[in-house]
Amino acid sequence: MHWLFLIIAAIFEIGWPLGFKLSSTQPERFWAWISFAIISMTFSGVFLYFAQRAIPVSTAYIIWTGLGAIGTLLIGILFFGDSASLLRMFFALLTLVGIVGLECTSK
């Protein structure tokens, strides 16, 4: 259950930079997107708190930030035209490998 909380926290971690980006691209809905970002931050932190009750803090934090970063990278590429260069994908893969490696060695 704690791993599910961590995945949910990482999904909400993606929400706040998305909210900031959308608030700058849709100024007429600025407060709606800022509110979305604040709500995402709150839920991200709450679910991270629940996950850390059973998962070591170092493991939980790096997975939370890593998945949030990779998710945000993918949203940027898919919806905002961010670069999808081979090197960027390689370094994102390294992040993912590091996350898996930390989990495999945290026991």
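For the numbers below, each heavy atom of this structure counts, side chains included, while hydrogens, waters and symmetry mates do not. Residue indices begin at 1 and follow the sequence shown. Nothing here was measured: the structure is a model prediction, and the numbers come from that model.
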Quick check for you: to the nearest 0.5 Å, what is the distance between [X] atom [atom1] and [Y] atom [atom2]?
{"X": "W3", "Y": "T59", "atom1": "CH2", "atom2": "OG1", "answer": "6.5 Å"}
{"X": "I70", "Y": "L96", "atom1": "CD1", "atom2": "CG", "answer": "4.5 Å"}
{"X": "F91", "Y": "L93", "atom1": "CZ", "atom2": "CG", "answer": "11.0 Å"}
{"X": "C104", "Y": "I99", "atom1": "SG", "atom2": "CD1", "answer": "12.0 Å"}
{"X": "M1", "Y": "R53", "atom1": "CE", "atom2": "CZ", "answer": "10.5 Å"}
{"X": "D82", "Y": "I75", "atom1": "CG", "atom2": "CD1", "answer": "10.5 Å"}

With the 4.5 Å side-chain cut-off for hydrophobic clustering, are [X] and [Y] part of the same group?
{"X": "Y49", "Y": "I39", "answer": "yes"}
{"X": "W33", "Y": "F80", "answer": "yes"}
{"X": "W16", "Y": "F36", "answer": "no"}
{"X": "V97", "Y": "V100", "answer": "no"}
{"X": "L87", "Y": "M89", "answer": "no"}

Q.
Which label fits F5 and F50: parallel for a plane angle under 30°, tilted from 30 to 60°, or perpendicular past 60°?
A.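 Tilted.
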Restricting to non-hydrogen atoms, name the atom on [X] and the atom on [Y] that form the minimum distance, rounded to 0.1 Å.
{"X": "A92", "Y": "L73", "result": "CB-CD2, 3.5 Å"}
{"X": "A37", "Y": "G19", "result": "CB-CA, 4.2 Å"}
{"X": "S24", "Y": "P27", "result": "O-CD, 4.2 Å"}
{"X": "A60", "Y": "L6", "result": "O-CD1, 3.6 Å"}
{"X": "Q52", "Y": "V57", "result": "NE2-CG2, 3.5 Å"}
{"X": "I14", "Y": "G71", "result": "CD1-CA, 3.6 Å"}

Q: Applying side chain to side chain donor-acceptor pair (under 3.5 Å), name anything that partners S44, two or more places apart in sequence or on another chain.
A: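 In terms of side chain to side chain donor-acceptor pair (under 3.5 Å), with neighbours along the sequence ignored, S44 is linked to E13, W64.
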Residue [X] excluded, over 12 heavy atoms near [atom1] under 6.0 Å:
{"X": "F30", "atom1": "CZ", "result": "yes"}
{"X": "L86", "atom1": "CG", "result": "no"}
{"X": "Y61", "atom1": "OH", "result": "no"}

Q | Student check: side-chain heavy atoms of F12 and T42 closer than 4.5 Å | A |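 Contact flag for F12/T42 side chains = no.
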Q) Can you list every pair that meets side chain to side chain donor-acceptor pair (under 3.5 Å) and has a residue in residues 69-81, with sequence neighbours left out? A)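 Side chain to side chain donor-acceptor pair (under 3.5 Å) check on residues 69-81 returns no pairs.
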Q) Do side-chain atoms of R88 reach the backbone of S83 as a donor and acceptor pair under 3.5 angstrom? A)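 Yes; at least one donor-acceptor contact below 3.5 Å.
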(Q) Has S35 got a side-chain atom pairing as donor or acceptor with W31's backbone, closer than 3.5 angstrom? (A)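 Confirmed, S35 side chain pairs with W31 backbone.
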